[in-house]
Amino acid sequence: MNIQENISLKPFHTFSTDVKAKYFAPFKDIDELTELLNANILPQTSKLILGGGSNILFTKDFDGLVLKNEVRGIKELHEDNDYLYIRAGGGENWHLFVMHCIDRGWAGVENMALIPGTVGAAPIQNIGAYGVELTNVFQSLEAYDTREKCIVTLTSSDCEFGYRSSSFKTKYKNRYIIISVTFRLKKKPVYHTHYGAVAEQLENNKVQELSIRAIAEAVIQIRSAKLPDPAKIGNAGSFFKNPVISIDIYEKLAKEFPGFNARPLPEGRMKVSAGWLIEQCGWKGYRKGDAGCFEKQALVLVNYGKAGGDEIFELSQQIAVSVKQKFGITLDREVNMF
Ligand code: FAD
Ligand code: NAP
């Protein structure tokens with residue numbers, strides 16, 4: 001058992017704020033995890049499961065045990081006429097997993113290339129990009145149940161996936177530690193190019209014959225041009241979720257604000273671009289000290305160097321208040337706060 005004390009978390013999360021964990025330990029498999037959870041010296045200590053730290057904002061030191069998921073391995077389980085069933089360890093890097101699938105012609109995850117973080121965190125907020133979400137390729141997951149102290153298999157209905165949400169953010173918060181995820185990937189691809197700038201990028205790339213690799217490459221190019229690279233500028237991607245409003249409210253706002261940016265959802269509501277709302281309030285490119293609102297995408301808050309988590313949090317509160325004042329819309333945080 002390798003429990004380290006007073007460890008800086010700066011290299012372990014993408015906002016790169018300077019915070020410490022009282023205890024820190026990696027685990028490579030279920031045995032190492034259960035040994036750590038049962039360690040006599042730490043029974044009452046609060047615990048945080050850490051993947052790539054790309055969806056976390058620490059506002060203070062973590063006065064507990066950070067358990068870093070390093071469960072590796074990608075395995076083909078079985079196949080049927082249409083699908084391949086692939087299990088990946090929760091500590092596998094998400095983007096490398098996507099590229100592993102593309103190299104083998106396994107289709108379904110290509111639109112989610114270059115999302116930072118780990119496979120084990122992907123179900124937590126049902127990660128998604130360019131019109132595809134984890135739920136579209138999810139079969140099941142294996143998790144350690146900290147309440148019943150056993151390993152369980154959870155299916156899609158247990159996970160209650162929604163827009164950037166799952167039961168792990170609501171009724172099962174802090175209960176399960178995801179060890180591995182099993183994916184259902186297509187043998188024959190179904191391409192999704194209608195979303196964001198994907199079709200335009202494919203055209204710019206003069207792609208003659210569509211493929212999952214061509215889509216992943218286009219997505220990587222768009223993301224690299226638009227989003228801050230966490231290795232250079234601290235950030236956790238979209239800080240807020242896109243709010244969902246009723247048609248009535250949408251019609252009122254669309255009359256009042258020309259260019260009001262929202263799209264219809266299948267269930268008859270409207271998804272508003274949170275980035276647009278923030279931009280309209282004048283925050284895009286704003287900087288105070290080292291905390292800022294990214295100049296190319298207002299939905300992304302950034303740490304230009306030495307910002308504390310409390311400064312970034314304070315900025316996020318100011319942004320949310322101004323959006324509420326101008327549009328009457330409440331922004332919900334996507335990033336997990338500790
Ligand atoms: P962490 O940040 O380490 O953890 C996130 C939360 O999940 C924490 O509450 C943590 O305790 C919990 N958790 C982590 N692993 C486990 C586990 N094994 N078991 C139980 N709980 C766990 N997200 C999108 O959906 N789409 C995007 O396009 C996207 N783009 C991004 C771009 C950038 C530049 C950045 C920095 C972030 C982006 N994100 C995006 C957000 C982020 O990449 C995802 O939420 C990702 O899934 C987080 O993975 P992680 O391993 O870093 O999780
Ligand atoms: P974009 O393509 O400029 O689009 C802006 C917004 O419009 C996005 O929020 C997206 O919603 C929505 N949108 C675009 N095309 C759409 C369509 N055809 N139908 C419905 N909604 C549409 O956004 P971006 O900032 O460059 O991000 C591109 C993709 O990567 C998006 O899917 C975004 O969610 C994802 N992303 C996520 C994070 C994160 O941290 N969560 C960070 C960066 C990028 P959705 O957000 O619902 O897709």
Side-chain angles (χ1 to χ4, degrees), residues 9 12-16 27 33 47-58 62 66-71 89-95 111-134 141-144 146 163-166 168-169 172-181 192-201 219 222-244 261-266 270-277 294 296-302 334-338:
L9 291 175
F12 297 111
H13 69 114
T14 59
F15 255 127
S16 299
F27 62 96
L33 173 66
K47 314 222 173 23
L48 159 62
I49 312 306
L50 185 67
S54 65
N55 206 11
I56 286 182
L57 178 66
F58 290 103
F62 187 74
V66 171
L67 290 161
K68 176 137 172 51
N69 189 335
E70 292 184 354
V71 179
E92 286 288 342
N93 174 282
W94 173 264
H95 174 67
N111 290 44
M112 294 186 280
L114 217 60
I115 297 181
T118 54
V119 165
I124 305 292
Q125 71 159 11
N126 179 26
I127 58 166
Y130 301 102
V132 178
E133 298 179 321
L134 178 87
L141 62 78
E142 194 183 32
Y144 182 78
T146 56
Y163 168 60
R164 297 299 98 80
S165 80
S166 72
F168 306 110
K169 292 195 94 169
Y172 293 146
K173 200 169 165 61
N174 298 330
R175 177 163 169 187
Y176 293 105
I177 300 173
I178 298 171
I179 306 294
S180 68
V181 179
H192 300 273
T193 59
H194 63 288
Y195 214 89
V198 176
E200 194 185 327
Q201 187 66 46
V219 166
I222 302 166
R223 296 183 70 107
S224 308
K226 194 168 176 185
L227 293 167
D229 175 357
K232 297 182 184 138
I233 302 176
N235 77 94
S238 306
F239 199 90
F240 301 101
K241 295 184 198 178
N242 287 324
V244 175
N261 190 339
R263 291 169 191 265
L265 290 174
M270 298 296 287
K271 182 184 69 178
V272 185
S273 164
W276 186 85
L277 296 175
F294 194 54
K296 292 186 195 163
Q297 167 52 292
L299 193 47
V300 178
L301 301 193
V302 288
E334 183 177 302
V335 168
N336 302 280
M337 302 275 305
F338 291 97

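Values reported hereafter were calculated over all heavy atoms of this structure, with side chains retained and with hydrogens, waters and symmetry mates removed. Numbering of ligands and ligand atoms starts at 1, following listing order.
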Under-4.0 Å heavy-atom contact with ligand 1, by part of Asn69 that carries it
side chain
Can an N or O of Gln125 be found at a distance shorter than 3.5 Å from an N or O of ligand 2?
no
Under 4.0 Å, heavy atoms only, figure out whether ligand 1 is touched by the backbone of Pro116, its side chain, both or neither.
both
Which of the ligand 2 atoms, numbered from 1, are nearer than 4.0 Å to a heavy atom of Leu227
43 (C)
Nearest non-hydrogen contact to atom 9 (O) of ligand 2 from the set Asn55, Asn242, Val300 belongs to Asn242
Decide whether an N or O pair under 3.5 Å exists between Leu227 and ligand 1.
no
Just to be sure I read this right, does ligand 1 sit under 4.0 Å from the backbone of Ile179, its side chain, both, or neither, counting only heavy atoms?
neither
Going by the 4.0 angstrom heavy-atom rule, the piece of Tyr163 near ligand 2 is side chain
Side chain, backbone, both or neither: Gln125 near ligand 1, heavy atoms under 4.0 Å:
side chain
Return yes or no for this condition: an N or O of Gly131 is under 3.5 Å from an N or O of ligand 2.
no
For ligand 1, note which part of Trp94 has a heavy atom under 4.0 Å away: side chain, backbone, both or neither.
neither
Pick, from Ile178, Thr146, Leu141, the option with the minimum heavy-atom distance to atom 19 (N) of ligand 1.
Ile178
Region of Arg164 that comes within reach of ligand 1 [heavy atoms, distance under 4.0 Å]
side chain
Part of Thr118 within contact of ligand 1 (heavy atoms, under 4.0 Å):
both
Pick, from Ile49, Leu33, Ile115, Val335, the option with the minimum heavy-atom distance to atom 17 (C) of ligand 1.
Ile49
At less than 4.0 angstrom from any non-hydrogen atom of Glu334, what atoms of ligand 2 do you find?
39 (C), 40 (O), 41 (N)
Protein contact to atom 11 (O) of ligand 2 [nearest heavy atom, distance to 0.1 Å]
Lys271 NZ, 3.0 Å
Option of least heavy-atom distance to atom 27 (C) of ligand 1 (set: Gly237, Gly128, Gly52):
Gly128
Ranked by distance from atom 26 (O) of ligand 2, the top protein heavy atom is Lys226 NZ, 2.8 Å
So for Phe239, does at least one of its heavy atoms come nearer than 4.0 angstrom to any atom of ligand 2?
no
For Gln297, counting its heavy atoms only, list the atoms of ligand 2 lying under 4.0 Å from any of them.
24 (P), 25 (O)
Measure from atom 13 (N) of ligand 2 to every heavy atom in Arg263, Arg164, Glu133 and give the option owning the shortest one.
Arg263
Residue-level breakdown please: for Phe12 versus ligand 1, do any non-hydrogen atoms fall below 4.0 Å on the side chain, on the backbone, on both, or on neither?
neither
